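The structure under discussion appears below in the form of structure tokens.
A note on names: the letters A, B, ... follow the listed sequences, proteins ahead of strands, and every chain is numbered from 1. Nothing here was measured: the structure is a model prediction, and the numbers come from that model. Just so it is clear, the values below take in all heavy atoms, side chains as well, and ignore hydrogens, waters and symmetry mates.
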2 protein chains.
Amino acid sequence: MDEVRWLTAAEQEIWRAYMTATNEFAAHVDRQLRRDAGMPMAYYEILVRLSESPERCLRMSDLAEVSLFSRSRLSHAVSALEKNGWVVRRPADADRRGWVCELTDEGFAALAAAAPGHVSTVRAHLFDVLTAEQLDALREIGRAITAGLRTECAEARREAEECE
Amino acid sequence: MDEVRWLTAAEQEIWRAYMTATNEFAAHVDRQLRRDAGMPMAYYEILVRLSESPERCLRMSDLAEVSLFSRSRLSHAVSALEKNGWVVRRPADADRRGWVCELTDEGFAALAAAAPGHVSTVRAHLFDVLTAEQLDALREIGRAITAGLRTECAEARREAEECE
DNA sequence: GCTCTGGAGTTGAAACTTCAACCACCCTTA
DNA sequence: TAAGGGTGGTTGAAGTTTCAACTCCAGAGC
């Protein structure tokens, strides 16, 4: 950690543009879902993942992984969703430590009711304001950032092992 | 609101790539700041904005605007920062309703201590993983998304006025 | 069979955000 | 000069997220 390479003026412009857009876009989508469907974006994501899974079921840990939730966060979230009657928890067959989370019919209905407004919002504020080239670029940018985070993560694990 | 134009498979790929990258990147940056500097990213942003302002002061409403906080959220956040001794609130001169928020020396020191690690994280996971072309594209994408949100906002206001 | 390490999941407390009032003050208008 | 509406800002409650324990169970090694 020698000297810090501060951001140049041009980099700061990029950084601000990125932060402003992602923050405001996320806030906009979240508000729309809360207002029209009574759930935050993060919970919508959980319902989507469950709806896409066979039997509309998923092990808690798998659900956490695909929806990018920590175990703790997922546990709290599922408790809230359960209170709404949108999901139920059942013990897993094979592993007596495990639980599976299942999307109920009410949950599916809530998702079906929420989806049109949500997709319309996303389309209006993301897909409709960008060109085809920009959308291609966005996909690759997203992949590069995610890949960068994953390799860092792997490196950290390797280092931690070496330290022992 | 006729029929919904659902996302195509290609659009879903873009959408997932976008959401995964922005969520994980934000989480990573936030964790780094909480761990190393004891403040969430959002509070760091507030300190930055204050530090860039003349006299390190800003009216609450102006601070809310530049840092993209709701008034309520800012009020709570400033209370927390005040508890740390990082900012103070003073009544505004001209307008007796108003308050100015001022960055203290302790707050500036906390910001100075936090900045290197934060900038390094941002550089490592954003600027270092993208090409110059991608960074250009990212800036324009960000601007387009923000502009799209702003015009929607303006339209909503216009409609609301017409409805009266 | 027993221990030991690690994985699956939960919990409670504290921190942060949202939402809907709410108060105090400014400014316009009549 | 007294309404009245709008702006600046706060508050409290409810909802959400984080963090650090903690419990329970599986699998490996002996």
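Interatomic distance, B:Gln32 CD to B:His125 NE2, rounded to the nearest 0.5 Å: 9.0 Å.
In terms of position on DNA chain C, the residue among A:Arg35 and A:Met60 whose nearest nucleotide sits closer to the 5' end is A:Met60.
Taking atom CG of residue B:Leu74 and atom C1' of nucleotide C:dT18, one finds them 14 Å apart after rounding to whole Å. Atom OH in A:Tyr44 sits roughly 17 Å away from atom P in D:dT16 (whole-Å rounding). C:dG9 atom C1' lies 15 Å from atom CG of A:Leu58, rounded to whole Å. Atom-to-atom, CH2 of A:Trp99 to P of D:dT23 comes out at 18 Å; the value is rounded to the nearest Å. The nearest whole Å value for the distance from the CG atom in A:Leu33 to the P atom in C:dT18 is 14 Å. Separating the CG atom of A:Leu68 from the P atom of D:dT18 is a distance of 12 Å, rounded to the nearest angstrom. Residue A:Lys83 contributes atom NZ, which lies 13 Å from atom P of D:dA14 at whole-angstrom precision.
Residue pairs meeting the side-chain hydrogen bond (donor to acceptor under 3.5 Å, both in side chains) criterion with at least one partner in residues 65-87 of chain A, sequence neighbours excluded, are A:Ser79-A:Arg89, A:Glu82-A:Arg89.
The backbone N or O of B:Arg56 lies less than 3.5 Å from no partner atom in the side chain of B:Ser53, so there is not a single donor-acceptor pair. Checking side-chain atoms of B:Arg123 against main-chain N and O of A:Trp6 turns up a donor-acceptor pair under 3.5 Å. Side chain of A:Thr104 to main chain of A:Gly85: a donor-acceptor pair is present (N/O by atom type, distance under 3.5 Å, no hydrogens or angles). Side chain of B:Thr151 to main chain of B:Gly148: a donor-acceptor pair is present (N/O by atom type, distance under 3.5 Å, no hydrogens or angles).
The number of heavy atoms from other shown groups lying within 6.0 Å of CZ (A:Phe108) does not exceed 12.
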Show each protein N/O and nucleotides 15-17 of chain C N/O combination with a separation under 3.5 Å, one pair to a line.
from: C:dT17; atom 1: OP1; to: B:Arg73; atom 2: NE; distance (Å): 3.3
from: C:dT17; atom 1: OP1; to: B:Arg73; atom 2: NH2; distance (Å): 2.5

Please write out each protein N/O paired with an N/O of nucleotides 2-4 of chain D under 3.5 Å, distance rounded to 0.1 Å.
none

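B:Arg139 and A:Glu11 are not joined by a salt bridge, as no carboxylate oxygen comes within less than 4.0 angstrom of a charged side-chain nitrogen. Between A:Arg16 and B:Glu52 there is a salt bridge, with a side-chain nitrogen of the basic residue lying less than 4.0 Å from a carboxylate oxygen of the acidic one. Salt-bridge formation is not detected for the pair B:Asp36/B:Arg31: no Lys NZ or Arg NE/NH1/NH2 atom is positioned less than 4.0 Å from an Asp or Glu carboxylate oxygen.
Residues satisfying the ring-ring contact (aromatic ring centres under 6.0 Å, His included) test with A:Phe25, not counting sequence neighbours, are B:Tyr18. In terms of the ring-ring contact (aromatic ring centres under 6.0 Å, His included) criterion, residue partners of A:Tyr44 (sequence neighbours excluded) are, by chain and number, A:His118. For A:Tyr43, there are no ring-ring contact (aromatic ring centres under 6.0 Å, His included) partners at least two apart in sequence or on another chain. B:Phe69 pairs by the ring-ring contact (aromatic ring centres under 6.0 Å, His included) definition with nothing, not counting sequence neighbours. Partners of B:Arg49 under the side-chain hydrogen bond (donor to acceptor under 3.5 Å, both in side chains) rule, at least two apart in sequence or in another chain, are B:Glu45. In terms of the side-chain hydrogen bond (donor to acceptor under 3.5 Å, both in side chains) criterion, residue partners of B:Asp30 (sequence neighbours excluded) are, by chain and number, B:Arg34.
Near DNA chain C, defined here as any heavy-atom distance below 4.0 Å, there are no residues from residues 16-26 of chain B. Proximity of residues 86-97 of chain B to DNA chain C (heavy atom under 4.0 angstrom from any strand atom) is restricted to B:Asp95, B:Arg96, B:Arg97.
Comparing the start and finish of the helix from C:dG1-D:dC30 to C:dA30-D:dT1, five pairs each, the helix axis swings through 10°, to the nearest 10 degrees.
Using a 4.5 Å cut-off on side-chain heavy atoms (C-beta onward), A:Leu58 and A:Val100 make no contact.
At the phosphate of D:dG9, OP1 or OP2 sits under 4.0 Å from a side-chain N or O atom of B:Ser61. Within the structure, a side-chain polar atom (N or O) of B:Arg59 is placed less than 4.0 Å from OP1 or OP2 of D:dG9.
Closest to the side chain of B:Ser75, out of C:dG9, C:dT10, D:dT10, is D:dT10. Of all nucleotides listed (C:dG9, D:dG9, C:dT18), D:dG9 comes nearest to the side chain of B:Arg71.
Counting distance only, with no hydrogens placed and no angle test, the side-chain atoms of A:Ser72 and the base atoms of C:dT11 include a donor-acceptor pair under 3.5 Å.
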